[in-house]
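Everything on this sheet refers to the single structure shown next.
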Amino acid sequence: MYRAASYDELIDHPVEMGEFALYEFKACGVPHEVVVTGRHDIDAARLCADLKRVCEWQIRLFGEPAPFERYVFLVMAVGDGYGGLEHRSSTALLCSRNDLPAPGAAAMSDAYRGFLGLCSHEYFHSWNVKRIKPAAFVPYDLRVENYTRLLWAFEGFTSYYDDLALVRSGVITQDDYLKLLGKTVTQVMRGSGRLKQSVADSSFDAWIKYYRQDENAPNAIVSYYAKGALVALALDLTLRSKSRGAVSLDDVMRRLWADHGLSGQGVPEDGIRRAAEAVSGMKLKRFFDEATEGTDDLPLDRLLHAVGLDLAFEAAGSTPVLGVKTANDGDNVKLTQVLDHGAAQRAGLSAGDVLVALDNLRITASSLDTLLKRRNAGDEVKIHAFRRDELMKFRVRLDAPPVDQAKIGPAVRASAAAKELLKQWLGRG
């Protein structure tokens, strides 16, 4: 017989019934299970070994014992899918069956690395969200939307630690981690919404904007997941460099766990700053005002340099660009988003337009990139497009690809102190 202590506990423990594969391991003595539904072939021993390392690192970060007596990864393997939802003692995950480790595969694929990151993210929520909660969520009021300006900390900090846990536990290499971190920086830099909306506003507007995105979303909003992860990075490196390695974001998370996770007392809107100031002895109001309430880019180049790393940006390729995002509609190409200040926006193209021809040559799902590759940045091209049932003509001056792809690597000249900070930050522990 299973019994829930409350309605909240009941709805926070999903149940899997049917035919599935079951794999088991222990992390810090706690039983963990991986339940996989859907057709799959899998190196179960490798998956369990990797998850064990990640889970044990997270448990030890906050301190044993784990806050649950049993944990279950509920995995639905499909042809194409990705996502997860955290619960107090489990997580429900959706993945492509190709994300799971194949039997006999020696190298770690990007897909499997991504799946481990997803598992790590939802597992970290066992502490940060399910037990350390914003005061606005204590208790949850399921009748209305609950608003807080702190999602940048609860989702963003979790997004920071998901990949960090992989490298700290030794599941991925430092080079792999820096590539993943570079992708997060790139994701944030490619949205002009980061210059218009703060992560605190994005958190508060989650119900009305982030989860109801429209064609103008990249130009108007910033992800509190992705930029929140960069705020966590900036805070972690700030604490480490100013304290010469004596204090880090790990200490802040442990303080939040002691003050709020164990007690069940919600985190007030200024609680993250207060916890960081308490463990570091630093005055951090300016940092938090600029990083969470402001819209300027974070000083990541300076902060990364302090730990012996260089941040550089390069173009993703050489093909000129329209400054749009597209989707295939059969064999047609439809504009789903037109980016601020891009070639298409300047010419008057709009989201929803269906591209027909470029310089009188038909545009198809397979030909657009080929047509653009034969042009140069600065060329003016003629584009025909349907807007609703009207055929329209536009003159578009093509842009060079933006220099917005982040690359993070060891600095050419790094001091011994910086190298030591890097070792402390990304070393196993």
Side-chain angles (χ1 to χ4, degrees), residues 78-83 96 98 110-111 114 182-197 209-223 226 297 312-407:
V78 296
D80 184 22
Y82 179 88
S96 165
N98 292 326
D110 290 343
K183 287 182 179 180
T184 303
V185 176
T186 300
Q187 179 185 345
V188 173
M189 294 299 294
R190 284 182 174 169
S192 63
R194 78 187 193 282
L195 303 175
K196 301 167 187 171
Q197 185 188 49
K209 290 186 179 179
Y210 189 79
Y211 288 108
R212 298 179 183 177
Q213 294 191 22
D214 58 20
E215 65 278 0
N216 195 47
N219 302 326
I221 68 174
V222 66
S223 167
D297 289 329
F313 292 92
E314 59 188 16
S318 58
T319 303
V321 297
L322 292 170
V324 299
K325 294 186 178 181
T326 65
N328 296 338
D329 184 9
D331 202 27
N332 297 320
V333 176
K334 185 175 184 178
L335 301 185
T336 57
Q337 294 169 336
V338 176
L339 305 180
D340 270 352
H341 315 301
Q345 187 186 71
R346 295 196 304 270
L349 283 155
S350 297
D353 292 349
V354 177
L355 303 185
V356 175
L358 187 152
D359 286 342
N360 299 319
L361 293 175
R362 184 186 175 196
I363 294 174
T364 67
S366 59
S367 71
L368 178 59
D369 190 56
T370 300
L371 291 171
L372 290 174
K373 282 181 178 179
R374 297 184 66 84
R375 272 69 178 178
N376 298 307
D379 287 353
E380 184 177 273
V381 298
K382 178 175 63 179
I383 289 183
H384 285 83
F386 273 112
R387 181 170 296 169
R388 297 179 296 276
D389 60 347
E390 300 177 25
L391 182 63
M392 307 182 75
K393 182 171 72 174
F394 304 87
R395 291 201 172 274
V396 183
R397 190 168 299 280
L398 299 176
D399 287 335
V403 182
D404 60 4
Q405 182 166 283
K407 184 177 181 180

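In this chain, numbering begins with 1 at the start of the sequence shown.
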Does any non-hydrogen side-chain atom of [Y] lie less than 4.5 Å from one of [X]?
{"X": "Leu339", "Y": "Pro218", "value": "yes"}
{"X": "Val356", "Y": "Ile363", "value": "no"}
{"X": "Tyr210", "Y": "Ser223", "value": "yes"}
{"X": "Thr336", "Y": "Glu215", "value": "no"}
{"X": "Asp353", "Y": "Phe386", "value": "no"}

Among residues at least two apart in sequence or on other chains, which ones pass side chain to side chain contact (heavy atoms under 4.5 Å, CB included) with [X]?
{"X": "Asp389", "answer": "none"}
{"X": "Asp297", "answer": "Met189, Arg194, Leu195"}
{"X": "Gln405", "answer": "Thr186, Arg190, Glu314, Ala316"}
{"X": "Asn216", "answer": "Asp214, Asn219, Ala220"}

Does atom CZ of Arg387 have more than 12 heavy-atom neighbours from other groups under 6.0 Å away? yes
Atom of [X], atom of [Y] and distance for their closest heavy-atom approach:
{"X": "Arg375", "Y": "Asp359", "result": "NH2-OD2, 3.0 Å"}
{"X": "Leu349", "Y": "Ala385", "result": "CD2-CB, 4.2 Å"}
{"X": "Ala406", "Y": "Gly182", "result": "CB-O, 3.5 Å"}

Name all residues meeting the salt bridge (charged side-chain N to carboxylate O under 4.0 Å, His left out) criterion together with [X]; count only those two or more places apart in sequence or in a different chain, and write none if there are none.
{"X": "Lys196", "answer": "Asp340"}
{"X": "Asp379", "answer": "none"}
{"X": "Asp369", "answer": "Lys373"}

Under the criterion side-chain contact (heavy atoms from CB on, under 4.5 Å), I'd like the reasoning laid out for Ile221 against Gln213: C-alpha separation, chi angles, the key distance, then a yes or no. CA-CA 9 Å; Ile221 68 174; Gln213 294 191 22; 3.7 Å; yes
Which donor-acceptor pairs under 3.5 Å do side chains of residues 390-403 form with protein atoms, sequence neighbours excluded?
{"residue": "Arg397", "atom": "NH1", "partner": "Gly378", "partner atom": "O", "Å": "2.8"}
{"residue": "Arg397", "atom": "NH2", "partner": "Glu380", "partner atom": "OE1", "Å": "3.4"}
{"residue": "Asp399", "atom": "OD1", "partner": "Arg346", "partner atom": "NH2", "Å": "2.8"}
{"residue": "Asp399", "atom": "OD2", "partner": "Ala343", "partner atom": "N", "Å": "3.1"}
{"residue": "Asp399", "atom": "OD2", "partner": "Arg346", "partner atom": "NH1", "Å": "3.3"}

Under 3.5 Å, which donor-acceptor pairs do the side chains of residues 319-334 form with other protein atoms, sequence neighbours left out?
none

dist Leu361:CG -> Thr370:OG1 (nearest 0.5 Å) comes out at 11.5 Å
Atom CG of Leu372 and atom CG of Leu358: how far apart are they, to the nearest 0.5 Å? 6.0 Å
If we ignore hydrogens and angles and just use 3.5 Å, is the side chain of Gln345 paired with the main-chain N or O of His341 as donor and acceptor? yes
Listed partners of Thr364 passing side-chain hydrogen bond (donor to acceptor under 3.5 Å, both in side chains), at least two apart: Ser366, Ser367
